[in-house]
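When reading the values below, keep in mind they use all heavy atoms of this one structure, side chains included, and skip hydrogens, waters and symmetry mates.
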Amino acid sequence: MEHSEHKGAALTWDGISLSIAGQPILRDVNLSVASGETLALVGESGSGKTMCCMAALGLLPKGSVLTSGTVTGLGETWARADQGPTQPVPKGSRVAMVFQEPMTSLNPTMRCGAQLTEVIQRHQDCTKTEAREQAEALLNEVQMPDTTRALKAYPHELSGGQKQRVLIAMALANGPEVLLADEPTTALDSTLRSDLLNLLKDLQTQRGLAMILVSHDMEVVERHADRVAVMFKGEVVECGPVQDVISSPVHPYTQGLLACRVPPVGRPKPLPVLSDFLSPRHSQEKRPVAQIRMAPGSETLNLLCIEGATKTYPGQAQPALQSVSLKLPMGGSLGIVGGSGCGKTTLARAILGLHKLDSGRIELNGKMVHGGSREEIQHIRSQVGLVFQDPRAALNPALRIGAMLTEVLIRWGTPKADVLDKAKELLHAVGLEKEALGKRPDSFSGGQRQRIVIARALAANPKLLICDEAVAALDVSVQAQVLNLLVELQEKRGLSLLFISHDLGVVRYLCDRTAVMAEGHIVEEGDSDAIWSTPKHPVTRRLQAAGGGSFD
């Protein structure tokens, strides 16, 4: 981008290069965003998106050095490599940021109203009463349900979407002219994601904000940004109007990001991955593509039968599960989709015997999950593997991978003399080398950690694999790798797959059948393609309209 294009911009990165401990992180970044415009920064984790924002805000980590370039915001120089005079960044007043994870961004010991009024009083000359009135008005502006309750609530008493609305209200509290939103909806379900991104767009239009939207989701970018800059290894490899970049991507990395999305029709395997596009042989060599095998026939025995499952937590008036009935055949795949709090995870925990039902029955491989002896329950649990949403939180950071796998193998009866070979086999099955056994979780990327979680889930040789939002927190390219792995493992091992997600598009691709949950009920169930293409229930239509994993 030529420097002349920066004229009149609200925020500009002019030739920014940055190193941390001598390691280059950003390389000659030239970007700008004007008032009323949304510039999206896209790329995988570690591509430099967040560091661009931190450089603009003057919040660079210890040991970082700006080696070239200038950051100019609102007509003032905020940072420069030559250590010349700069203006302090007006954080919290003229420029503000919405962070990715609301729970870690809010003080858990303070009520949300007190946190909002503190921000207002820090930047304005007003009384506490005036600040509280402004806080209430801000919560109304961000469409917070029951603002009076929200003001009095601690963060843990609010849902994920409500906490993010509090953060947005804080960011807008002092009338900023530039708003940086760093993956503001990644941890939320698809309907909440759509609602909050629409809210940000409306607020931007009303206030004339210049907005930087950091994302790894090209679908989000297409819907909510004006221009997009694609970042790869600290460089801007492609930049332009969103529709131009999406319809005619030039750089192989951009082509790969777009191709990694699950398709809107069909179930091709394997999904493309970034290495396909970044390989020097990409233009000459194409990977063979087949289709995920059809579901087992109606004559196939059912591995999992759920009849009338009902569960109400103590102190809750609304049941978490209400008369849920489902069947999953041997070797089949069933997706359960719905928004946060609909009962998906409660159902998974009930299948594992971790929640006792108030009524109803769950049968796994011909055995009742509830009511058996301790030995019978343990045997049932050995037939179920569980893959969690956040692989970092699911793995003990103090243990080496070998210790994690051998612990599970020994627990489920593998002789000690065989555990090392079995652990190597598990790693090989998920596409990792045996050298991983001697390393700890922090040595691996997010996608590699999720492969380790899957390997641990397979250690008991289960018949059923439950994936609870197993790809929700992953970059789109890593998501494709994990989906390919799940398809391969299911077909090679004859696993039955229960895939829990808020992403209807990913479930349509991966699962033969789909059940849609809302308020503890199954509101729609059937063939995945039929539910995706012709949703009948309002909840399903809303999930489909919010955007699934597919991209077209």
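Using a cutoff of 4.0 Å between basic side-chain nitrogens and carboxylate oxygens, Arg513 and Asp527 are not scored as salt-bridged. Between Glu491 and Lys269 there is a salt bridge, since at least one side-chain N of the basic residue sits less than 4.0 Å from a carboxylate O of the acidic one. With respect to the salt-bridge test (charged N to carboxylate O, under 4.0 angstrom), the residues Arg223 and Glu219 qualify. A salt bridge links Arg261 with Asp217; the closest basic N to acidic carboxylate O contact falls under 4.0 Å.
Shown here is Lys201, whose NZ atom has more than 12 heavy atoms of other residues, nucleotides or ligands within 6.0 Å. More than 12 heavy-atom neighbours from other residues, nucleotides or ligands sit within 6.0 angstrom of NZ on Lys424. In Gln322, the CD atom is crowded: over 12 heavy atoms of neighbouring residues, nucleotides or ligands sit closer than 6.0 Å.
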Would you check, one step at a time, whether the test side-chain contact (heavy atoms from CB on, under 4.5 Å) holds for Gln448 with Leu432?
CA-CA 8 Å; Gln448 290 172 325; Leu432 293 175; 4.1 Å; yes
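Aromatic ring orientation, His251 versus Tyr253: perpendicular (interplanar angle above 60°, classes split at 30° and 60°).
Residues satisfying the side chain to side chain contact (heavy atoms under 4.5 Å, CB included) criterion with Val408, sequence neighbours excluded, are Trp412, Arg456, Ala459. Arg392 pairs by the salt bridge (Lys or Arg N to Asp or Glu O under 4.0 Å) definition with Asp442, not counting sequence neighbours. Scored by the salt bridge (Lys or Arg N to Asp or Glu O under 4.0 Å) test, Asp390 finds no partners at all (sequence neighbours excluded). With sequence neighbours excluded, the residues forming a side chain to side chain contact (heavy atoms under 4.5 Å, CB included) with His537 are Val523, Glu524, Val539, Thr540, listed by chain and number. In this structure Pro268 satisfies the side chain to side chain contact (heavy atoms under 4.5 Å, CB included) test together with Pro263, Val289, Gln291, Tyr509, sequence neighbours excluded.
For Thr310 and Asp358, the side-chain atoms include no donor-acceptor pair closer than 3.5 Å.
Between Leu485 and Val430, the closest heavy-atom pair is CD1-CA, 3.7 Å.
By the 4.5 Å heavy-atom criterion applied to side chains, Asn365 and Met330 are counted as neighbours. By the 4.5 Å heavy-atom criterion applied to side chains, Pro272 and Phe277 are counted as neighbours. Annotation: side chain of Glu433 is in contact with side chain of Glu435 (closest heavy-atom distance under 4.5 Å).
Under the side-chain hydrogen bond (donor to acceptor under 3.5 Å, both in side chains) test applied with His216, the options Glu44, Glu183, Lys49 reduce to a single match, Glu183.
Sorted by first and then second residue, the pairs that involve residues 327-362 and meet ring-ring contact (aromatic ring centres under 6.0 Å, His included), not counting sequence neighbours, are Tyr313-His355.
Note that the CD1 atom of Ile336 and the CG atom of Leu347 stand 4.5 Å from one another [nearest 0.5 Å].
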